J.: 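The structure follows.
Values in this document were obtained by computation on a predicted structure and should not be read as measured data. Residue numbering restarts at 1 for every chain, and letters A, B, ... go by the order of the sequence lines.
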Amino acid sequence: MKVATWNVNSLRVRLPHVLKWLEREQPDLLALQETKLRDEEFPADTFADRGYSATFSGQAGYNGVAILSRQPPQDVAHGIGAGFADEQRRVLAATFGGLRFYCLYVPNGDRVDSDKYRYKLEWLAALRELLAAELERHPLLLVVGDFNVAPEDRDVYDPRAWAGKVLCSPKERAALGTLLALPTHDVFRLFQQPEKTYSWWDYRGIAFRRNWGLRIDLMLASSQLSQMCQTCRIDKEPRGWERPSDHVPVIAEFALA
DNA sequence: ATGGTTGGTGCCCAA
């Protein structure tokens, strides 16, 4: 089973890129973030024509998550639940065969110690509780998306410049650490990877040309599933296409039907 | 250098 995640930063604008990439890579599952579409605007028919079911949870203007799949989804759920009221559309889950799959768009956090930063930390704490419960029910759990946290300094092009800043701050890394301690495994790091491999580059200036990036798009797998992971890589190419997203796809393959 | 770029909305906000 081939699984991918991509923050497309507006599916309206990026639809041609997504279709081109789907055609080329033929994943079984593709998680999308920042679709920025209302549910009634989602181009489900366009994906159905290409053999993909779509499930989505969107809102006007911001956020929005979706899952494209070769198989129809089962047990679709959205939001963190468990009393964490959140009108922002950032979480979508579905089951495919024995796999429980989560598509996440973690809050950005704006600036350390801002209101949005506190919301991000509370959101991640609530997510930990949700995933702990899901791991009890689903030995094969995969949580993918834009985590808006660079796990380690090697995931940052200039760790000294970014030290303590949002996306890299100790509290954010500790919150991600509580997800990894469940345990889950950052499947990208199960394999030898090229140095300076990132998944996001700022639109501003010459960040992409200089490879001034961060690895903030992640795939966390349960222990049993991580043992079935065969490859994980980041496809940098779409960042060089005309009018790109600021993020690129992360792809993993699992020994699963 | 607290900069600049993109997308969605609507005459700024989020990232």
J.: Considering only the P atoms, how many Å lie between B:dA1 and B:dC11, rounded to the nearest integer?
T.: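 Comparing P positions in B:dA1 and B:dC11 gives a spacing of 35 Å.
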
J.: Nearest nucleotide by nearest heavy atom, which residue falls closer to the 5' end of DNA chain B, A:Arg14 or A:Asn108?
T.: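 This one resolves to A:Arg14.
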
J.: Can you check the A:Asp146 CG to B:dA14 C1' distance for me, whole Å?
T.: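 In whole Å, B:dA14 C1' and A:Asp146 CG are 13 Å from each other.
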
J.: Can you tell me how far the CD atom of A:Glu34 sits from the OG atom of A:Ser245, to the nearest 0.5 Å?
T.: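 So the CD of A:Glu34 and the OG of A:Ser245 are separated by 7.5 Å.
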
J.: With rounding to the nearest 0.5 angstrom, report the CG to OH distance, A:Leu92 to A:Tyr105.
T.: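 Here the rounded value is 15.5 Å.
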
J.: Please give, in whole Å, the distance from B:dA15 C1' to A:Asn148 CG?
T.: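 After rounding, the gap between these two atoms is 8 Å.
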
J.: Applying ring-ring contact (aromatic ring centres under 6.0 Å, His included), can you list everything that pairs with A:Phe208, at least two apart in sequence or on another chain?
T.: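 Listed in chain order: A:Trp201.
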
J.: Which whole-number value in Å describes the distance from A:Trp162 CH2 to B:dT2 P?
T.: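 The answer, rounded to whole Å, is 17 Å.
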
J.: What's the gap between B:dG4 and B:dG8 when it is taken at their P atoms, as a whole Å value?
T.: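 23 Å, rounded to whole Å.
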
J.: What is the distance from CZ of A:Arg243 to P of B:dT6, rounded to the nearest Å?
T.: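 From A:Arg243 CZ to B:dT6 P: 9 Å.
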
J.: Does one side chain, of A:Gln33 or A:Thr5, offer a donor that lies under 3.5 Å from an acceptor on the other?
T.: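 Yes, a side-chain donor-acceptor pair sits under 3.5 Å.
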
J.: About how many Å separate CG of A:Leu256 and CE of A:Met228, when rounded to the nearest 0.5 Å?
T.: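 Going from the CE atom of A:Met228 to the CG atom of A:Leu256 covers 4.0 Å.
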
J.: From CD of A:Glu34 over to P of B:dG8, roughly how many Å is that when rounded to an integer?
T.: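 Distance, rounded to whole Å: 10 Å.
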
J.: Give a yes-or-no answer on whether the side chains of A:Thr95 and A:Arg100 include a donor-acceptor pair shorter than 3.5 Å.
T.: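 Yes, side-chain donor-acceptor contact under 3.5 Å.
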
J.: Between B:dG7 and B:dT2, how far apart are the C1' atoms? Round to whole Å, please.
T.: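 Between the two C1' atoms, the distance is 23 Å.
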
J.: Sticking with atom P, work out how far B:dT5 lies from B:dT9, rounded to a whole angstrom.
T.: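 To the nearest whole Å, 22 Å.
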
J.: Would you indicate whether the side-chain heavy atoms of A:Asp155 and A:Asp153 approach each other to under 4.5 Å?
T.: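 No, too far: nothing below the 4.5 Å cut-off.
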
J.: Using atom P in both nucleotides, what's the gap between B:dG10 and B:dT6 to the nearest angstrom?
T.: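 Pairwise P distance, B:dG10 against B:dT6, rounds to 22 Å.
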
J.: Distances under 3.5 Å only, N/O to N/O: pair up the protein atoms with those of nucleotides 9-13 of chain B.
T.:
unit_1	atom_1	unit_2	atom_2	d
B:dT9	OP1	A:Gly61	N	3.2

J.: Would you say A:Arg111 places a side-chain N or O within less than 4.0 Å of OP1 or OP2 belonging to B:dT2?
T.: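 No, A:Arg111 has no side-chain N/O under 4.0 Å of OP1/OP2 on B:dT2.
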
J.: Starting at atom CG of A:Asn9, determine the distance to atom P of B:dA15, rounded to an integer number of angstrom.
T.: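 Checked: the CG to P distance equals 11 Å.
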
J.: Does NZ or CZ of A:Lys196 come closer than 6.0 Å to the centre of the six-membered ring of A:Trp212, within 45° of the ring's axis?
T.: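 That pair does not qualify as a cation-pi contact.
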
J.: Can a donor-acceptor pair be found between the side chains of A:Tyr102 and A:Glu134 at a distance below 3.5 Å?
T.: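 Indeed, the side chains of A:Tyr102 and A:Glu134 share at least one donor-acceptor pair under 3.5 Å.
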
J.: Testing the 3.5 Å rule here: is there a donor-acceptor pair between the side chains of A:Ser114 and A:Tyr119?
T.: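 The criterion, which ignores hydrogens and geometry beyond distance, is not satisfied for A:Tyr119 and A:Ser114.
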
J.: Could you check whether A:Arg239 gets within reach of a base, just the sugar-phosphate, or nothing at all, counting any heavy atom under 4.0 Å?
T.: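 Nothing, no heavy atom under 4.0 Å.
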
J.: For DNA chain B, find the residues of residues 201-216 of chain A with a heavy-atom distance under 4.0 Å and give them by number; none if there aren't any.
T.: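 Output list: A:Tyr203, A:Arg204, A:Gly205.
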
J.: Give the rounded distance in Å between these two atoms: NE2 of A:His17 and C1' of B:dG7.
T.: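 Result: 14 Å.
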
